[in-house]
Amino acid sequence: MKRLIGTIVIFLIIAGIAATGFFINTRTADMVMEKVQKSQQYAIDGNIENAKKELAEAIDEWEKKIEIMLLFVSHGKLDEIEEAINIANSYIQYDEVPLFYAECQRASTLLDHFKSVEYPSINNIF
């Protein structure tokens with residue numbers, strides 16, 4: 001009986017850790033993607049200052065959560081997303097709106113893919 005209870009406790013701990021990773025990763029990806037898309041829209045509308053501000057907030061949010069997310073996901077995926085956001089930031093600093101727009105699209109696509117891979121499905125298992 002003690003073994004069964006011990007097994008159930010270990011299972012619940014592992015399930016809790018997996019759920020925590022899932023929620024942290026998907027929530028962070030959602031928040032950062034929303035800020036990147038808002039920044040992109042501001043740039044399209046010609047409001048470069050708000051675009052810079054919104055992207056800076058996205059970078060700050062990403063940097064706050066990156067260490068926790070690294071516990072659950074490989075460095076490669078997160079580094080690629082971070083790189084895209086930072087490249088977009090460098091473009092907007094020099095008012096390169098078309099390049100900024102393209103890099104924001106890339107960052108949004110990477111974030112969307114990252115989020116979709118986190119959801120448990122048959123496609124993600126095989």
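The chain is numbered in sequence order, starting from 1. Small disclaimer: the values here were computed from a predicted structure and weren't measured.
Interatomic distance, CD of Glu57 versus CD of Glu61, reported as 9.5 Å (0.5 Å rounding). Interatomic distance, Leu110 CG to His113 NE2, rounded to the nearest 0.5 Å: 8.0 Å. Taking CD from Glu82 and CD1 from Ile59, the interatomic distance works out to 8.5 Å, rounded to the nearest 0.5 Å. One finds the CZ atom of Phe100 at 10.0 Å from the OG atom of Ser90 (value rounded to the nearest 0.5 Å). Note that the SG atom of Cys104 and the CD1 atom of Ile85 stand 9.0 Å from one another [nearest 0.5 Å]. To the nearest 0.5 angstrom, Met33 atom CE is 10.5 Å from Thr26 atom OG1.
Side-chain contact between Val97 and Tyr91: absent, with no pair of heavy atoms (C-beta onward) separated by less than 4.5 Å.
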Run the side-chain contact (heavy atoms from CB on, under 4.5 Å) test on Thr109 and Phe114 for me, step by step, so that the C-alpha distance in whole Å, both residues' side-chain angles and the decisive distance to 0.1 Å come before the verdict.
CA-CA 8 Å; Thr109 302; Phe114 171 71; over 6 Å; no

Going through the checks in order, is the side-chain contact (heavy atoms from CB on, under 4.5 Å) test met by Leu99 and Tyr94?
CA-CA 10 Å; Leu99 295 172; Tyr94 294 106; over 6 Å; no

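Note: the hydrophobic cluster containing Phe72 does not contain Ile14 (ILVMFWY, side chain heavy atoms under 4.5 Å, direct or indirect links). Ile68 and Ile13 fall within a single hydrophobic cluster, where Ile, Leu, Val, Met, Phe, Trp and Tyr are joined by side-chain heavy atoms under 4.5 Å apart, directly or via other members. In the hydrophobic clustering of this structure, Ile17 groups with Met69; members are Ile, Leu, Val, Met, Phe, Trp, Tyr whose side-chain heavy atoms approach within less than 4.5 Å, directly or through other members. Note: the hydrophobic cluster containing Ile81 also contains Leu70 (ILVMFWY, side chain heavy atoms under 4.5 Å, direct or indirect links). The hydrophobic cluster containing Ile8 also contains Phe11, counting ILVMFWY residues as joined when their side-chain heavy atoms lie under 4.5 angstrom apart, directly or transitively.
Nearest heavy-atom pair, Ile66 versus Glu63, reported as atom, atom and distance to 0.1 Å: CG2-O, 3.5 Å. Across all their heavy atoms, Trp62 and Thr28 have their closest contact at CE3-CG2, 4.2 Å. Counting all heavy atoms, side chain and backbone alike, Ala107 lies closest to Val36 at CB-CG1, 4.4 Å. Counting all heavy atoms, side chain and backbone alike, Val32 lies closest to Ala58 at CG2-O, 3.9 Å.
In summary, Glu103 and Arg106 engage in a salt bridge, as defined by a charged side-chain N under 4.0 Å from a carboxylate O.
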Name the atoms and distances for all side-chain donor-acceptor pairs under 3.5 Å in residues 41-55, with sequence neighbours left out.
residue	atom	partner	partner atom	Å
Gln41	NE2	Asp45	OD1	3.1
Asn47	OD1	Asn50	N	3.4

